[in-house]
Amino acid sequence: MKELFFITSNTGKVQEATEKLRPLGFSVVQKNLGYPEVQADSLEEVAIWGVSHVQERFRRAFILEDAGLFIDDLQGFPGVYSKYVFFTIGLGGILQLLEGVEKRGAVFRSVYAYSEPGKKPLLIIGECKGIISMRKQGTHGFGYDPIFIPDGAKKTFGDMSVEEKNQFSHRGKALEKLATVLKDFQ
Ligand code: ITT
């Protein structure tokens with residue numbers, strides 16, 4: 001098993017990464033070092049900025065991730081502001097904004113950065129399309145999971161186990177690609 005340091009404060013992300021990467025030969029180790037989340041237009045910029053901060057303090061290879069939910073009818077909101085919006089208006093606020101809206105399409109995006117000391121990070125992207133449910137459903141997962149139904153499923157991420165969510169999710173897809181790339185890299 002290869003150790004892979006994951007710089008994150010989010011234990012939900014760590015659970016999902018651990019579950020996905022274990023069978024692919026990686027053991028995920030959480031490091032909650034903290035880094036500033038710069039206000040930027042894209043997840044990629046946030047991730048790159050995060051890497052440059054962490055590289056100054058952590059002199060080993062690591063991964064970090066920036067993710068967000070982009071809702072079609074809200075022109076991509078909350079997107080890069082997903083964390084702030086979750087802790088302010090919350091799931092109830094999002095459902096209210098979509099009251100009476102029939103076309104409820106949305107996409108979760110995840111950008112992973114893999115960094116080695118002194119090198120430019122490698123970016124890996126995963127996406128999961130779906131819809132915003134009419135009401136909150138389920139108690140699993142974190143963040144927007146109780147209001148997101150991925151394409152091909154009949155229930156929200158909040159109603160899925162970690163394994164099930166990983167089969168559909170932006171994070172699951174990004175981590176699969178990451179594992180393939182790291183096999184050649186290391
Ligand atoms: P880090 O320490 O890794 O940055 P975080 O929780 O701040 O953890 P992000 O900035 O990447 O993570 O994500 C922004 C928000 O988007 C996050 O707080 C969730 O509310 C939401 N989010 C991201 N991925 C999600 C997922 O798989 N399911 C539900 N909500 C998600």
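Basis for what follows: all heavy atoms, side chains included, without hydrogens, waters or symmetry-related copies. Both ligands and their constituent atoms are indexed starting at 1 by order of listing. Bear in mind that the values here come from a model prediction, so they are computed numbers and not experimental data.
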- Query: Starting from atom 4 (O) of ligand 1, which protein heavy atom do you reach first, and at what distance in Å?
  - Reply: Glu37 OE2, 3.4 Å

- Message: Please work out, at 4.0 Å between heavy atoms, whether the side chain, the backbone, both, or neither of Phe6 comes within that distance of ligand 1.
- Response: neither

- Are Phe148 and Ile132 side-chain neighbours, meaning at least one heavy-atom pair lies under 4.5 Å? yes

- Query: Any idea which of Ala67, Gly143, Gly158 brings a heavy atom closest to atom 13 (O) of ligand 1?
  - Reply: Ala67

- Item | Glu65 neighbourhood, listing ligand 1 atoms whose heavy-atom distance to it stays under 4.0 Å | 3 (O), 11 (O)

- Message: Using a 4.0 Å cutoff against the non-hydrogen atoms of Lys165, which atoms of ligand 1 qualify?
- Response: 26 (C), 27 (O), 28 (N)

- Message: Side chains of Arg22 and Met1, heavy atoms from C-beta outward: is any pair under 4.5 Å?
- Response: yes

- Message: Less than 4.5 Å apart, side chain to side chain, heavy atoms only: is that true for Phe86 and Leu69?
- Response: no

- Query: Within less than 4.0 angstrom of ligand 1, does Phe148 place any heavy atom?
  - Reply: no

- Message: To check your reading of the model: name the closest protein heavy atom to atom 6 (O) of ligand 1, its residue, and the distance in Å.
- Response: Asn10 ND2, 3.0 Å

- min-distance protein heavy atom vs atom 2 (O) of ligand 1 -> Ser9 OG, 2.6 Å

- Message: Just to verify, what does Glu164 make a side-chain hydrogen bond (donor to acceptor under 3.5 Å, both in side chains) with, not counting sequence neighbours?
- Response: Lys155

- For ligand 1, is there an N or O atom under 3.5 Å from any N or O atom of Ser82? no

- Any side-chain heavy-atom pair from Phe142 and Glu16 closer than 4.5 angstrom? yes

- Could you check atom 7 (O) of ligand 1 against the protein and tell me its nearest heavy-atom contact, residue, atom and distance included? Lys83 NZ, 2.9 Å

- Could you check if a side-chain atom of His170 sits within less than 4.5 angstrom of a side-chain atom of Arg109, using non-hydrogen atoms only? no

- Query: With sequence neighbours excluded, what pairs up with Ser42 under the side-chain hydrogen bond (donor to acceptor under 3.5 Å, both in side chains) test?
  - Reply: Glu45

- Item | Arg57 side chain to Leu33 backbone, donor-acceptor under 3.5 Å | yes

- Message: As an exercise, identify every atom of ligand 1 less than 4.0 angstrom from a heavy atom of Tyr35.
- Response: 4 (O)

- Message: Treating Arg104 as the side-chain partner and Ser133 as the backbone partner, does any N or O pair qualify as donor plus acceptor under 3.5 Å?
- Response: yes

- Message: Using a 4.0 Å cut-off to any heavy atom of His170, which atoms of ligand 1 qualify?
- Response: 24 (N), 25 (C), 26 (C), 27 (O)

- Residue, atom and distance of the protein heavy atom nearest atom 24 (N) of ligand 1 read Arg171 NH2, 3.0 Å

- Query: Between Thr156 and Gln137, is any side-chain donor less than 3.5 angstrom from a side-chain acceptor?
  - Reply: no

- Message: Under 3.5 Å between any N/O of Glu16 and any N/O of ligand 1: does that happen in this structure?
- Response: no

- Should you measure from each heavy atom of Asp66, which atoms of ligand 1 turn up under 4.0 Å away? 9 (P), 10 (O), 11 (O)

- Task: Would you mind reporting whether Leu43 and Phe70 have side-chain heavy atoms less than 4.5 Å apart?
- Result: yes

- Item | Shortest protein heavy-atom distance from atom 28 (N) of ligand 1, along with the residue and atom involved | Asp145 OD1, 2.6 Å

- Decide if atom NZ of Lys120 counts as having more than 12 heavy atoms of other residues, nucleotides or ligands within a radius under 6.0 Å. no

- Query: With respect to atom 25 (C) of ligand 1, which of Phe157, Phe142, Tyr144 exhibits the smallest heavy-atom separation?
  - Reply: Phe142

- Note on the structure: If you scan protein heavy atoms around atom 1 (P) of ligand 1, the nearest is Thr8 OG1, 3.4 Å

- Could you check atom 9 (P) of ligand 1 against the protein and tell me its nearest heavy-atom contact, residue, atom and distance included? Lys13 NZ, 3.5 Å

